[in-house]
Amino acid sequence: MSPRTPPPPAPVGTRSRSGRAGTAAGPPRRHPRTTAAFTALTAARREALRADCARLAELDDTEFGVRLLAGTPTHETRDPALLRHWACTAKEFGRELAASAPPAAEVPHPARVVETTGGLDRLLLARYTSRPEPTVELFTDTIALGEHLVDVLGWRDRYPTGSLRAAALAHEHAHGLLHHYPHIRRALRDRLGHTALRLGRLRVPGHVAGADELAAHAYAGAVCGLGRSPLLLTAALMGAVQALGED
C-alpha cells in the first residue's frame with residue numbers, strides 16, 4: 001500500500017511546550033532508525049512516496065496551516081474560511097516577527113541545546129522543556145532522515161543542507177519569544193482577532209490554539225531562507241516514516 005498523504009499534519013518538527021512532547025499521543029511507535037532504510041524500499045514504494053510528496057508540494061503553505069488548525073482540538077467545527085484567515089494571519093505574523101525580533105542571544109534565559117536520538121519513535125525533530133532549565137532537544141535521527149528525504153525527493157532548492165536543524169532551532173526561538181515577551185503574545189492574539197466572550201460592549205480576546213505553531217513555522221522558514229514552509233517537509237517526512245514502517 002502506498003504511503004498516504006497525512007491528514008491535517010501535526011508537524012513532526014517542533015512542538016514547543018513546557019514539559020510536553022509535541023506530536024505523539026499514546027505509547028511511542030517503533031520506526032526505522034537510519035537513513036539507510038531508504039535503500040531497502042522497493043522501487044515501486046519509492047516512486048509512490050515521491051508521487052505522494054509531489055502532491056503535497058502542490059498545496060500552498062497556507063493550506064498546511066489550515067490542516068494543522070483543523071486537526072487541533074477546539075477547532076473541529078470551525079468554518080474553513082475562518083481557519084484559512086487565522087492560518088494566513090499567523091503565517092504573516094511569523095514572517096514579520098523574523099524581520100523585527102531580537103536575536104537568540106538577547107532572549108532572557110536562552111535554552112541550552114542537547115542533541116539526542118529517539119525522535120523517530122515520537123515523530124519529533126525537536127522538543128522544548130522549560131524545567132529544570134530551558135532546554136531544546138534536537139533529535140538527530142529524525143533530522144538525518146529528513147535531510148536524506150530532501151535528497152530523495154530532489155528538494156534541495158527548497159531546503160538547503162543543514163536547514164532542518166537550523167529551522168528546528170529557529171522554531172524553538174520563536175516560541176521563546178512568544179513565551180518571554182508578553183507584548184509579542186498579545187500582538188499575535190490581537191492580530192488574530194478571536195473573541196472568547198462578549199458581554200454587551202465588553203469583548204474578551206480569545207486564544208487560537210495552534211496559531212503559535214504556525215507563527216513559529218513561518219518564523220523559522222523566513223529566518224532560514226527556506227523555499228517552502230517547514231510544514232511541507234514535515235508532512236512529507238510523516239509519509240516517509242510510514243512508508244519505511246510498512247515496507
Side-chain angles (χ1 to χ4, degrees), residues 9-24 61 64-65 68-69 72 90-91 93-147 150 159-185 187-189 207-226 228-235 237-238:
V12 179
T14 45
R15 301 287 294 191
S16 176
R17 295 291 183 274
S18 300
R20 284 202 332 222
T23 58
D61 290 340
F64 285 106
L68 184 147
L69 292 177
T72 301
K91 179 178 68 175
F93 183 90
R95 289 176 176 174
E96 293 172 14
L97 184 62
S100 62
E106 297 179 11
V107 173
H109 313 296
R112 69 188 183 103
V113 177
V114 175
E115 294 191 352
T116 185
T117 59
L120 287 175
D121 293 337
R122 299 175 176 85
L123 290 178
L124 288 172
L125 283 169
R127 176 173 57 185
Y128 174 85
T129 54
S130 61
R131 289 183 291 270
E133 62 179 311
T135 301
V136 174
E137 290 180 277
L138 289 177
F139 294 99
T140 56
D141 51 347
T142 316
I143 290 172
L145 186 67
E147 288 283 355
V150 171
Y159 303 103
T161 301
S163 60
L164 272 74
R165 185 181 191 280
L169 288 172
H171 183 108
E172 299 304 340
H173 178 51
H175 279 295
L177 293 171
L178 288 163
H179 177 74
H180 290 294
Y181 291 94
H183 72 281
I184 295 179
R185 287 199 306 275
L188 175 58
R189 183 194 64 195
H207 170 71
V208 177
D212 57 341
E213 278 296 307
L214 296 183
H217 276 292
Y219 176 95
V223 166
C224 298
L226 302 183
R228 287 292 306 269
S229 167
L231 286 167
L232 167 61
L233 184 54
T234 56
L237 188 52
M238 288 175 70

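Keep in mind that what you see is a predicted model, and the values were worked out from it rather than measured.
Note that OG of S100 and CG of L177 are 9.0 Å apart. Values are rounded to the nearest 0.5 Å. One finds the SG atom of C224 at 11.0 Å from the CZ atom of R165 (value rounded to the nearest 0.5 Å). In this structure, CG in L68 is found 7.0 Å from NE2 in H217, a value given to the nearest 0.5 Å. A distance of 10.5 Å separates CG of L232 from CG of L226, quoted to the nearest 0.5 Å. Here L123 contributes atom CG and T234 contributes atom OG1; the two are 10.5 Å apart, rounded to the nearest 0.5 Å. Taking OH of Y159 as the start and CD of E147 as the end, the distance is 11.5 Å to the nearest 0.5 Å.
Within the 4.5 Å cutoff, the side chain of D61 has heavy atoms near those of the R228 side chain.
Nearest heavy atom pair, residue F64 against residue L231, reads CB-CB, 3.8 Å. Counting all heavy atoms, side chain and backbone alike, G94 lies closest to A218 at CA-CB, 4.1 Å. Smallest separation of non-hydrogen atoms from A222 and A98: CB-CB, 3.7 Å. Shown here for D141 and G118, the closest heavy-atom pair between the two residues is OD2-N, 2.9 Å. T72 and A209 get closest at one heavy-atom pair: CG2-CB, 3.7 Å. When all heavy atoms of L138 and A126 are compared, the pair lying nearest together is CD2-CB, 3.8 Å.
Among residues two or more places apart in sequence or in another chain, the side chain to side chain donor-acceptor pair (under 3.5 Å) test is passed with T135 by R112. Legend: residues meeting side-chain contact (heavy atoms from CB on, under 4.5 Å) with P182, ordered by chain and number and at least two apart, are R185, R186. Under the side-chain contact (heavy atoms from CB on, under 4.5 Å) criterion, A174 pairs with A216, Y219, not counting sequence neighbours.
Taking the six-membered ring for Trp and thresholds of 30 and 60 degrees, H171 and H175 have ring planes inclined between 30 and 60 degrees apart.
With hydrogens and angles disregarded, a donor-acceptor distance shorter than 3.5 Å links the side chain of T142 to the backbone of L120. A donor-acceptor pair is defined here as one N or O able to donate and one able to accept, closer than 3.5 Å; such a pair exists between the side chain of T140 and the backbone of T116.
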- Run the numbers on D212 and F93 for side chain to side chain contact (heavy atoms under 4.5 Å, CB included), then give the verdict. CA-CA 10 Å; D212 57 341; F93 183 90; over 6 Å; no

